[in-house]
> 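Pasting a structure here, questions to come.
Please read all numbers here as calculations on a predicted model, not as lab measurements. Below, chain A is the first sequence line, B the second, and so on; all start at residue 1.
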There are 2 protein chains.
Amino acid sequence: MSKGTVGGGGTTMLRRINVAAVLDAVRRSAPAPLRVAELVERTGLARPTVAQAVDELLDAGWLQQHGPDSADRSLGRPAIRVSLRGRAAPVLGLDVGPHRVTVGVSDLAGRKLSLVRRSGPGWTAQQLLGVIGEVINEALAEAEVPAEDIAAVVAASPGIVDEHTGRVQLVPSVPGWSAIDLIKHVRGLLDCPVMLDNDANLAALAIAAARGGTGTLLAVQWGERLGAGIVIDGRLHRGTGAAGEIGFIATDTDDVINPEDSRGPLERAVGSEAIAALGRQAALDNPQSRLAELGGEQLDTADVFAAAAERDPVAQAVVQQVARTFARALAPSVLVLDPTAVVIGGGVARAGAVLLDAISDQLRLLTLNHPKLELSALAEDAVVTGAMRMALDEVWQRKLPTPAMTSTT
Amino acid sequence: MSKGTVGGGGTTMLRRINVAAVLDAVRRSAPAPLRVAELVERTGLARPTVAQAVDELLDAGWLQQHGPDSADRSLGRPAIRVSLRGRAAPVLGLDVGPHRVTVGVSDLAGRKLSLVRRSGPGWTAQQLLGVIGEVINEALAEAEVPAEDIAAVVAASPGIVDEHTGRVQLVPSVPGWSAIDLIKHVRGLLDCPVMLDNDANLAALAIAAARGGTGTLLAVQWGERLGAGIVIDGRLHRGTGAAGEIGFIATDTDDVINPEDSRGPLERAVGSEAIAALGRQAALDNPQSRLAELGGEQLDTADVFAAAAERDPVAQAVVQQVARTFARALAPSVLVLDPTAVVIGGGVARAGAVLLDAISDQLRLLTLNHPKLELSALAEDAVVTGAMRMALDEVWQRKLPTPAMTSTT
DNA sequence: GTATTTACGAACGCTCGCTATCTATACTGT
DNA sequence: ACAGTATAGATAGCGAGCGTTCGTAAATAC
């Protein structure tokens, strides 16, 4: 009892392993309640062992007991059933942008307990911290979760995030903004681990979780800026910290990157502003087109895709060009990563099938294995959802003691 | 004892875990022998537990006992020391090409026991199988390892390999060649698991192992063909099976891939044959250049780099163009993967610093985090070494029972 | 030659999980 | 309505493994 070194131990560690196995089995079948007999089958443990573990977990509050299933009209004594008690360790996800703060609270099973969003016309850094505090409290109240119960927090920040220090390079457009202050501030409000990650990464995590399990996912966030997250078999790929920065891919044979610029070549070529600009130019050149009618003076990105959907050839040409540029930029990465799927999210994703089909056609010409190309179903909630997901992973990784041996050095 | 389901168990599984912990500790410190006291410290287990585990491992042949260290003149009774007995489960690596067969035998600790290479001027598929058998026997004899001791075999094949079935798409240039026959043949010779993988993947694995531990590695094999392997924290990234096919990256804005072609655009642009062709053309255009002198009629890839190293401007221009094309093709993947290092191997890697510096300069213009750019130190042995490495990983993964819970679904 | 230091070896007690048995509960059939 | 049966939960005994403690062996220092 004195040493307590991690890695190997006596019988008490055995017990921990078995309790964890039981808890894991329950988690996997969530939210469906499980009978003890099923747990015995799934864990391969003996019944008394499982029973003891269940008792322990009930006492600790990780499981909750259900009455017998009234729908189950089988023979014999009705079994008591247990399921995850989500409130045992709820987590909080945070998505902070210059004009919008979103906070979500999720229970252990991944059920969303509350989601609060507040928009405002550009806060200062100081105001933003205040707003964040308010929105967190609102979300906690709505979820009926006391602040001290929160087991982990993950915050999303644009820019490149250093995974451990939480320092941010390429700070976004809030003057005086510092992610370190954010972490400190949140840690002051909630006494639990607080982590920070790139928003594109978190969105990718959410999408990967929604698609389920294994495989390689390349999740593109396409708005004014362009970023991507890579999820391989459920784990985020970070590289040295700046993985997925597709916005900086060169599009022209003479392009050169300037790290000081806040935007990269691909963003300047096919970011939402660039698409709108291309549309405006095309409308000017073709005043009689449907595109010009639709958009008028204040022609928007959405107008371009709307006109293209109505088969306006002028708009279609713009979409074609955008799709071509995007596909040519992404194709090398698709060849190298060979992902199971490429999912597009963010504002531009609202374009729908018009854009997706055009990209798909182009990508088919440039790759060997053609990954599934999809639109993100999560829309604007992707980032918060991913933040909650990562917080959940953190909690589970701490609670389920992965016994020893990890690296394959 | 009847169930035997994986995942959780009683005290016998505890023993297995602890024995594995001890074995793992010994492995990590290989080839240095360890005293029992050190094992106690490293595993956190009690001395009797460790002693028992060591006895068991000695009996099973996984460890060998050393006499007391004669150099160690410390007080007290001299400690018994144990180390990995590599011959307990030697593995075999196989690199099969149309003109060359290489076989390596390695012991458990990763020590190379033998390496036999045989070249020939194009065998038929049938002859090749015979040659493989001979070379395997030679390598086994040289390593003094009986065939039945081999615990795992990994074979390298060019082309895209389906990880599980062992079927190969994009078969290389041996008529009638089938990797399935190869597997069957080897399984007939050696009664153990036989696996197959892409040669670029295996080379990447070897290079990653040589560089040590964690991080993301992009290992390019650059010869007549171009391929790459990706290793993330010691594990190979395969995607859906065709990851790393950089040879098919488009170089021209109008390039289109034809999956039927055996070569992709980048290979046609900067493969070793293409480099030689560029050199010949440049020599024709500049008959007085050093390049033309060096190469003559049969100008070779090596001549181009040699002339460039001697600062011949004509050759330097060719190298510059090659480097530029390569860097532009690779830059998007570097941005997306953000690897710790990019290592170049294969025939073209012999070009040395001339090419490396040119690529480095170009890549610096096109990426945010600039990964280390290096030449592979393993030269032609990379693929066999990687094959042995993978076989070793297989053996260890089977022997060290990773207790339960894996996926983070 | 004795004291000291270090390591090996054996006996005891504790915890834990597995097998086997017994009790509890609800549905079914006569 | 009552016995039978099938399923689930609770309890006791057994075996295995680990950790602690003590005794013993082998080398060096004085």
> Measure across Ala89(A) and Ala151(A) and return the closest heavy-atom pair with its distance rounded to 0.1 Å.
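So the two residues come closest at CB-CB, 3.7 Å.
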> Check every atom of dT11(D), dG17(C), dC18(D) against the side chain of Thr49(B) and return the nucleotide holding the closest atom.
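Looking only at side-chain atoms, Thr49(B) lies closest to dC18(D).
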> Protein-nucleotides 5-9 of chain C N/O pairs closer than 3.5 Å?
| from | atom 1 | to | atom 2 | distance (Å) |
| --- | --- | --- | --- | --- |
| dT6(C) | O2 | Arg77(B) | N | 3.0 |
| dA7(C) | OP1 | Arg35(B) | NH1 | 2.6 |
| dC8(C) | OP1 | Ile80(B) | N | 3.3 |
| dC8(C) | OP2 | Arg47(B) | NH1 | 3.3 |

> Calculate the interatomic distance between Leu45(B) atom CG and dT20(D) atom P; express it in whole Å.
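Nearest whole value for this atom pair: 11 Å.
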> Given dC18(C), dG17(D), dG19(D), identify the nucleotide with an atom nearest to the side chain of Ala46(B).
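For Ala46(B), the side-chain atoms sit closest to dG19(D).
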> Nearest whole angstrom, please: distance from the P of dT19(C) to the CD of Gln52(A).
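Whole-Å distance recorded here is 15 Å.
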> How about Leu140(A) and Leu190(A): do any of their side-chain heavy atoms sit closer than 4.5 Å?
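Counting from C-beta outward, Leu140(A) and Leu190(A) do come under 4.5 Å.
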> When you check the phosphate oxygens OP1 and OP2 of dC18(D), does a side-chain N or O of Asn18(B) lie under 4.0 Å from one of them?
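Affirmative; the distance criterion is met.
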> Which heavy atom in Gly104(A) sits nearest to a heavy atom in Leu115(A), and how many Å separate them?
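Nearest heavy atoms, Gly104(A) then Leu115(A): CA-CD1, 3.9 Å.
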> Between dT15(C) atom P and Glu56(A) atom CD, what is the distance in whole Å?
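Value for this atom pair: 14 Å.
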> What's the CZ-P distance between Arg15(A) and dC18(C), to the nearest Å?
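Checked: the CZ to P distance equals 14 Å.
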> Salt bridge or not for Asp24(B) and Arg28(B), using N-O below 4.0 Å?
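Result for this pair is yes, salt bridge flagged.
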> What is the minimum heavy-atom distance between Leu108(B) and Trp396(B), and which atoms define it?
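Answer, listing the atom of Leu108(B) first, then Trp396(B): O-NE1, 3.5 Å.
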> Which whole-number value in Å describes the distance from Met13(A) CE to dG17(C) P?
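Rounded to whole Å, this separation is 13 Å.
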> What residues form a side chain to side chain donor-acceptor pair (under 3.5 Å) with Arg87(A), not counting sequence neighbours?
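With neighbours one apart ignored, the set is empty.
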